[in-house]
Amino acid sequence: MTQLVRVQNFTVSSDGYGAGEGQSLERPFGHADPAALMFWAGATAHWPTRTDPGGTYGLDDYCTRDFTNNIGAEIMGRNKFGPQRGPWENYDWQGWWGDEPPFHTPVFVLTHHERPSIALGDTTFHFLDASPKDALTQAFAAAEGKDVRIGGGVATVREFLDADLIDTMHIVVAPAELGRGERLWTSPDELADRFHLEQIPSPSGVVHHFFWRR
């Protein structure tokens, strides 16, 4: 069975930004309000951190459940792991994701400053100074026949798009404008030369964009 490279549930603003300016420990999305982007997922019945009964069903919930479907490894940029830049001051920082990260697979963090791997729950973070192609080779091996998810942030998704390594994408466009920050696109039509595209509005107010390679 062919292993796919997937972007899943990646949410951007209506003007194409996946994160705002000024990322910090206290503000992982910079000046952007994460609730304005991710409200659609948090409202679903199968949101992983839901502690109360209820939640919505329909397409939003289906996409929330599909996030982990047949995923064997993830690749993310260093900025999705944490806000630090440059050499690691120490190895005490173990990322934004807590003692039980939501990935449950090997995760390969792209960085110019490698450090020892970290095991938290059933997620292990590996730190690579590697090209997209070389990182993908390692992720495919770790995924043991399953797909590899490109988890973000924006710069990492763009890097894999530029290298023409992505097979399918699910991008959610939220009804909020950021005005500045890290931009995935000006328009999804920019990808029409390489991908088929279906756009499906949801009652929640977001629009799901499904891309698959031509």
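As the structure is a prediction and not an experimental result, all values here were calculated from the model.
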Practice problem: Output the distance between atom OG1 (T168) and atom CD1 (I150), rounded to the nearest 0.5 Å. | Solution: 10.5 Å

Self-check item: Taking every non-hydrogen atom, the tightest pair across S204 and D60
Solution: OG-OD2, 2.7 Å

Exercise. Describe, in one word, how the ring planes of F127 and W88 are oriented to each other, choosing from parallel (under 30°), tilted (30 to 60°) and perpendicular (over 60°).
Key: perpendicular

Quiz item: What distance separates T44 OG1 from L59 CG, expressed to the nearest 0.5 Å?
Solution: 11.0 Å

Self-check item: Close side-chain approach of Q8 to D147, heavy-atom, < 4.5 Å
Solution: no

Exercise. Measure across G20 and L178 and return the closest heavy-atom pair with its distance rounded to 0.1 Å.
Key: N-CD1, 4.2 Å

Quiz item: Is the ring centre of W185 less than 6.0 Å from the ring centre of F195?
Solution: no

Quiz item: Is it the case that one hydrophobic cluster holds both I75 and V7, taking links as side-chain heavy atoms less than 4.5 Å apart, direct or via other members?
Solution: yes

Self-check item: Pairs meeting criterion salt bridge (charged side-chain N to carboxylate O under 4.0 Å, His left out) with involvement of residues 88-106, two or more places apart
Solution: none

Practice problem: Taking the side chain as every heavy atom from C-beta outward, state whether F10 and V157 have any atom pair closer than 4.5 Å. | Solution: yes

Quiz prompt | From F29 atom CZ to S13 atom OG, the distance as rounded to the nearest 0.5 Å | solution = 11.5 Å

Exercise. If the plane angle is over 60° it's perpendicular, under 30° parallel, otherwise tilted; pick one for W40 and H170.
Key: perpendicular

Quiz prompt | Minimum heavy-atom distance between F108 and A73, given as atom pair plus value | solution = CE1-CB, 4.2 Å

Self-check item: Test item: R27 side-chain N/O and D33 main-chain N/O as donor-acceptor pair under 3.5 Å
Solution: no

Exercise. Answer yes if W96 and Y91 sit in the same cluster of Ile, Leu, Val, Met, Phe, Trp and Tyr residues linked by side chain heavy atoms under 4.5 Å apart, and no otherwise.
Key: yes

Exercise. Find out if a path of hydrophobic residues (ILVMFWY) with successive side-chain heavy-atom gaps under 4.5 Å connects V5 to I71.
Key: no

Quiz item: Are T11 and N9 side-chain neighbours, meaning at least one heavy-atom pair lies under 4.5 Å?
Solution: no

Quiz prompt | Cluster overlap L184 with Y17, hydrophobic side-chain contacts below 4.5 Å | solution = no

Self-check item: From CA spacing to verdict: side-chain contact (heavy atoms from CB on, under 4.5 Å), E159, L161
Solution: CA-CA 5 Å; E159 193 173 9; L161 278 172; over 6 Å; no

Practice problem: Go through the structure and list residues passing side-chain hydrogen bond (donor to acceptor under 3.5 Å, both in side chains) with D134, not counting sequence neighbours. | Solution: S131

Quiz item: Looking only at heavy atoms, which two atoms of H126 and S117 are closest? And how far apart?
Solution: ND1-OG, 2.8 Å

Quiz prompt | Distance-minimising heavy-atom pair for D193 and R214 | solution = O-CD, 3.7 Å

Quiz item: For H196, does the NE2 atom sit with more than 12 other heavy atoms under 6.0 Å from it, leaving out its own atoms?
Solution: yes

Quiz item: Going through the checks in order, is the side-chain contact (heavy atoms from CB on, under 4.5 Å) test met by K146 and T105?
Solution: CA-CA 11 Å; K146 294 184 177 181; T105 66; over 6 Å; no

Quiz item: Do the non-hydrogen side-chain atoms of R78 and H112 ever get within less than 4.5 Å of each other?
Solution: no

Quiz prompt | CZ-CE distance between R149 and M76, expressed to the nearest 0.5 angstrom | solution = 8.5 Å

Exercise. Give a yes or no on whether the backbone of R213 and the side-chain of R194 come within a donor-acceptor separation of less than 3.5 Å.
Key: no

Practice problem: Applying side chain to side chain contact (heavy atoms under 4.5 Å, CB included) between H209 and each of I171, I200, L191, report the one that passes. | Solution: I171

Practice problem: Please determine which of T64, T56, D61 meets the side-chain hydrogen bond (donor to acceptor under 3.5 Å, both in side chains) test together with H46. | Solution: D61

Quiz item: With sequence neighbours left out, which residue pairs that include part of residues 108-133 fulfil the salt bridge (charged side-chain N to carboxylate O under 4.0 Å, His left out) condition?
Solution: none

Quiz prompt | Atom pair CD/CD of Q84 and Q23 - distance to nearest 0.5 Å | solution = 9.5 Å

Quiz item: Do the side chain of D15 and the main chain of E177 share a donor and acceptor less than 3.5 angstrom apart?
Solution: no

Practice problem: Drop me the distance from I118's CD1 to F81's CZ, to the nearest 0.5 angstrom. | Solution: 4.0 Å

Quiz item: F67, V206: one ILVMFWY side-chain cluster at the under-4.5 Å cut-off?
Solution: no

Self-check item: Taking every non-hydrogen atom, the tightest pair across R158 and E190
Solution: NH1-OE1, 4.4 Å

Exercise. For the pair L110 and F160, evaluate side-chain contact (heavy atoms from CB on, under 4.5 Å) and give the outcome as yes or no after the intermediate values.
Key: CA-CA 12 Å; L110 299 182; F160 277 81; 3.9 Å; yes

Quiz item: Between the main-chain N or O of V207 and the side-chain N or O of S202, is there a donor-acceptor pair closer than 3.5 Å?
Solution: no

